[in-house]
Amino acid sequence: MCGIVGYAGPKASAPSSRPVDVALQGLARLEYRGYDSAGVAVIDDDAVRVTKRAGKLANLREALAKSSGSTETTGRVAIAHTRWATHGGPTDTNAHPHLGGHDHELAVVHNGIIENFATLRADLEADGFRFASETDSEAAAHLVAREMTQTGDLTEAMRRAAASLEGAFTLLAVHRDAPDTVVAARRNSPLVVGLGDGENFLGSDVAAFVDSTKEALEIGQDQVVTVTADDVRIIGFDGAEVTDAARYTIEWDAAAAQKGGYPSFMAKEIHEQAGAVADTLLGRLENGSLKLDEMDIDPSVLRSVDKIVVVACGTAANAGAVAKYAIEHWCRIPTEVELAHEFRYRDPVVTEKTLVVAISQSGETMDTLMAVRHAREQGAKVIALCNTRGSTIPRESDAALYLHVGPEIAVASTKAYLGQIAACYLLGLFLAQVRGNLYPDEIAALMSDLEQIPDQIQQVLDSSSQVERLAQDMKDATSVLFLGRHVGYPTAMEGALKLKEIAYIHAEGFAAGELKHGPIALVEEGQPVFVIVPSPNGRHSLHSKVVSNIQEVRARGARTLVIAEEGDDAVVPYADEVIRVPATRTLFAALLTVIPLQIFSCELATAKGLDVDQPRNLAKSVTVE
Ligand code: AGP
């Protein structure tokens, strides 16, 4: 989830606001998106000038201050970018903008994933284009440049190039032969136009320009927009003019815009989960087989594995607990899930046939890092499942599988949790493919169901009002219990963790089967108990056992809040509330049933007036042991 800014001006009344300054102001407003590099391109004296640096925005400012001392970078257009690395590490070279053309006559910034970039790159290299980076974005830059050479029109060049790309992308381009113009294209990735007076803007979201104008224009799927200081024109990838673009006035200020209008980053990130899981799954299945290309580990090593140990902390450990059910079911490999800080000190049995899977959103959790180091000292292979390119844990692992959920700002992890589960499923299916535990058609069927999940996540998000009302109603609760079986058990643990860490309420998650072994003593009149119910279409005994557990707590006065599949009527007689989720495989339900629990904790903490994004005593990344 990169940040993109485009500008065409400057308005005659403010010639002092150079395009490069406007672009930097926009990047600063996108800083909340997190990033590992940033850059800007301007057209000056008929040349494309690109300045880009790894690290924070300050590094870019420093580089510009040095360079603009020599050349008064004025020009009339600018494009700029903050990068959240997906392909290629966070380096100056991989930072955007990327130059295109044999003579570097064009610059491009890109947000998204171009799935067919390997084929494009081979074709462009055959045409003599030289690549400086390992990114998919540079292929787009050369492609637009090549089309510009043939058409002489930047809009037409972008249209032809964009129409040949597969995947998700927002592209912005400037060319030395069109010094007044910025051209952009989008497919499955956000782009919005800001309409100014004698100047116009482009952004991946309105935060990029809301300080300058509140008049915006939505750019639709498969459209190309051409922007100058005084004009905005839109066409489809088919070349037809678009005249019905939705124009609207932005109601937010800059701070609200960074949260997309949500009251907190956590609320925003909860509602980004459909796209986040879709992006993590994007491009992983090619011609019926899984390809996890950034996970560079010898298949023979994976075939020799006789035990898997998942090491992680907190929410990441709960994701690992879900993974255990899937990996053992598909791959028949004994899979342990260990809290990283316990693993390291219990003298674990680890050999060169042990595969350690380290799950970490930040890639910097010291407990998990130390567990990785310990495992490698014992001869194990380590695969990191991580959301942050260039972070320490993947760097110290044998291989990495990256989430593509974009930066997660809120301390309480939500979209990264779903991304971690999705990545674990991909890893499990990949292992089953490499080791021959599943046939290709079985894997294809599982991937097909998995690819339905983002839409199903959106359905759950779209019906959140019931849970929001429940949270308001329960904001004075002092204790909440969470029950589940199978993948519902780690879901119960995750629901309890969310409530603890942001609403400061005592909450406990446990396996529903454990009730009669002690915890049921906690149940008294009015005790709220969430129960995550497995699909009635899965293993019937599992479903009926959980329904019995609901009866047991209800009989002792509990207020039963039941999360169950649409159409599951067996739970109704024993539920004070039934929260519905779409039907899916028992294993995949973990990606749906947790969402009402995330929303519940977020809404309840908000109702209590607590700082949802920065809860007391907690840090986003625990970099101490
Ligand atoms: C989750 O809501 C918490 N913020 C915390 O448990 C977190 O999951 C844990 O600290 C692990 O962080 P990591 O994924 O960055 O390693």
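Order of appearance sets the numbers: ligands from 1, and atoms from 1 within every ligand.
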Could you tell me the residue and atom name of the protein heavy atom closest to [atom], and the distance to it rounded to 0.1 Å?
atom                    : result
atom 10 (O) of ligand 1 : Val622 CG2, 4.1 Å
atom 15 (O) of ligand 1 : Ser362 OG, 2.7 Å
atom 3 (C) of ligand 1  : Glu501 OE1, 3.5 Å
atom 13 (P) of ligand 1 : Thr365 OG1, 3.3 Å
atom 4 (N) of ligand 1  : Val411 O, 2.7 Å

>> Which heavy atom of Lys52 sits nearest to which heavy atom of Asp92, and what is that distance?
In response: CE-O, 3.4 Å

Side-chain donor-acceptor pair under 3.5 Å between [X] and [Y], yes or no?
X      : Y      : result
Gln598 : Gln273 : yes
Thr392 : Glu364 : yes
Asp455 : Gln459 : no

Counting each atom of ligand 1 from 1 as listed, which ones have a heavy atom of [X] under 4.0 Å away?
X      : value
Ala412 : 2 (O)
Ala316 : 8 (O), 14 (O)
Ser413 : 1 (C), 2 (O)
Gln361 : 13 (P), 14 (O), 15 (O), 16 (O)
Lys498 : 1 (C), 2 (O)

Does any N/O atom on [X] come nearer than 3.5 Å to any N/O atom on ligand 1?
X      : result
Thr315 : yes
Lys620 : no
Gly314 : no

>> Is the distance from the ring center of Tyr325 to that of Tyr489 below 6.0 Å?
In response: no

> Would you call the rings of His374 and Phe343 parallel, tilted or perpendicular if under 30° counts as parallel and over 60° as perpendicular?
Replying inline: perpendicular

> Can you say whether the rings of His96 and His81 are parallel (under 30°), tilted (30 to 60°) or perpendicular (over 60°)?
Replying inline: parallel

> Heavy atom of Thr368 under 4.0 Å from ligand 1?
Replying inline: no

> Contact between Cys313 and ligand 1, counting heavy atoms under 4.0 Å?
Replying inline: yes

> Listed by chain and number, what are the side-chain contact (heavy atoms from CB on, under 4.5 Å) partners of Phe482, not counting sequence neighbours?
Replying inline: Val480, Ala492, Ala496, Leu499, Ala507, Phe530, Leu597

> Quick one: does Leu30's side chain get under 4.5 Å of Asp205's, heavy atoms only?
Replying inline: yes

> CG of Leu290 to CD of Gln433: how many Å apart, nearest 0.5 Å?
Replying inline: 5.0 Å

> Under 4.0 Å from ligand 1, counting heavy atoms only, is it the side chain of Glu364, its backbone, both or neither?
Replying inline: neither

